[in-house]
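Comments concern the structure below.
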4 protein chains.
Amino acid sequence: MEWVFRSDLPLYAQLVEKVKLAIISGELPPGARLNSVRDLAMEAGVNPNTMQRALQELEREGLVYSQRTAGRFVTVNDAAINSAKRALAEEKLNSFLSAMGELGYDRAGLIALLQEGEEKEHGDS
Amino acid sequence: MEWVFRSDLPLYAQLVEKVKLAIISGELPPGARLNSVRDLAMEAGVNPNTMQRALQELEREGLVYSQRTAGRFVTVNDAAINSAKRALAEEKLNSFLSAMGELGYDRAGLIALLQEGEEKEHGDS
Amino acid sequence: MEWVFRSDLPLYAQLVEKVKLAIISGELPPGARLNSVRDLAMEAGVNPNTMQRALQELEREGLVYSQRTAGRFVTVNDAAINSAKRALAEEKLNSFLSAMGELGYDRAGLIALLQEGEEKEHGDS
Amino acid sequence: MEWVFRSDLPLYAQLVEKVKLAIISGELPPGARLNSVRDLAMEAGVNPNTMQRALQELEREGLVYSQRTAGRFVTVNDAAINSAKRALAEEKLNSFLSAMGELGYDRAGLIALLQEGEEKEHGDS
DNA sequence: GTGGTCTAGACCACC
DNA sequence: GTGGTCTAGACCACA
């Protein structure tokens, strides 16, 4: 996992984002054990407390659970993961829509653009 | 204009991006005079050299031209602006496609998602 | 507010409990401004971060909201308060039921006990 | 027996409470021999004098008697135990009533709540 | 002044 | 070793 941070969002929120994406994309599969808070914090170059806060947030969202002595694990509840995936997709879609809106593209225009690219892909293959 | 920077891209490139977007979106209309390099650098809180480099890049791309004594101006060449818009849109589209790809959406899925939203908008109105 | 703590529950959780009760009981009415984090922490004799965590938890539960510079306020959403009241009541009821269960009282026995007391109250008045 | 203490009640009183509950609930049956003061104090992590005071209080209440050489025993007087049970129950009832009073429940409301739960239990079974 | 974030470092329970 | 809690103290944005 690459740990690069922006300055427009709290660190812990970006950590949540990163780990969540790893879970959603399957890089961290259901049931997988996460590294320890301390190790992850070292990796990311942040304070363990900051990493802890991020993981607790993920726990509250039901994507992760912790076992006292054994460590933290990705949930095995596929529904929770899929719901998070859906929410993230919607969020990305919306920010994309607004960004493209500034460039003068509305939904219809984007659909056209996508279909254009699709034909090209098929043409290439 | 808001000047917030990420750490994963050179400053000057982010400056180029920001100004380019302002031109493309019409916030800086064709023929408009840009503030002086020194003023823009102050605004953005960057070194004037960095801002200078960004503006030269925009000049190279034909979106801006400078007149020795009067300052820098947005191009009046609509074709250049439209071409930049097209390029930027494609770039954003691609990064969006790859991001959504990680979440399991391909072009067809995204088209469906967009059409879904479109119907909803019409239903709401 | 009295700040006395047990050792069987994290401090921050007890702080949540205390403030929640104050809101539910109306001691802190809807819309009321809470003292600043620092002041409350001083009052309670805890670290400001601990108090902060408690208040953020209340914020997540919708019982409190914060305004950047002005401070924190009790929600004006009566439904949220009533829902919290209901939940707290149920929780207290259950722990009471189990405690009385150890003494050999079941629901029916408790109802009898309560009715007994009720008659007595009426007799006294 | 779990030994966790609050800070709002003298230690010895909490010890009395704990042992009394054990007797009332039958965990310490009539006639059972209690461990020595020293052992009990160790278990609970308190000073033997404190434990001694608690046991003397229980003796005064007639729930425990001591035999010079053999140690301390739970009373075999069922009436005494029942009376203690009754008193404890009333005490718990009262503190419960006052706590629920703060949440807006009076005796009648609580009876309703209890009957509600009773029906549900029967429905579930 | 307000809330919010982050770090550093300590201590605890659990196994 | 693990997660969890707490403190102390710093810095920031906002108005």
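A note on names: the letters A, B, ... follow the listed sequences, proteins ahead of strands, and every chain is numbered from 1. Only a predicted model underlies this, so the values are computations on that prediction, with no experimental measurement involved.
For the atom pair A:Leu15 CG and A:Gln52 CD, the distance stands at 12.0 Å (nearest 0.5 Å).
With salt bridges taken as basic N to acidic carboxylate O contacts below 4.0 Å, one links C:Glu17 and C:Arg6. Residues C:Lys18 and C:Glu2 are not paired through a salt bridge, judged by the lack of any N-O separation under 4.0 Å between the basic side chain and the carboxylate.
Counting distance only, with no hydrogens placed and no angle test, the side-chain atoms of A:Asn49 and the base atoms of F:dG4 include no donor-acceptor pair under 3.5 Å. Side-chain to base pairing of C:Arg68 with E:dG1: no donor and acceptor N or O lie closer than 3.5 Å to each other. The base of E:dG3 is paired with the side chain of C:Arg38 by a donor and an acceptor separated by under 3.5 Å.
Rounded to a whole Å, the CZ atom of A:Arg53 is 16 Å from the P atom of F:dC6. Rounding to whole angstrom units, CG of residue A:Leu9 and C1' of E:dT5 are separated by 12 Å. As a whole-Å value, the separation of C:Leu15 CG from F:dT5 P is 13 Å.
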field: Test log, rule salt bridge (Lys or Arg N to Asp or Glu O under 4.0 Å), inputs A:Glu57 and C:Arg60
entry: CA-CA 11 Å; A:Glu57 169 70 18; C:Arg60 270 204 310 102; 5.7 Å; no
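In this structure, C:Gln56 reaches the sugar-phosphate backbone alone: every heavy-atom distance under 4.0 Å involves primed, P, OP1 or OP2 atoms, never a base.
When each of A:Thr69 and A:Gly45 is assigned the nucleotide of DNA chain E with its nearest heavy atom, A:Gly45 is the one assigned upstream, toward the 5' end.
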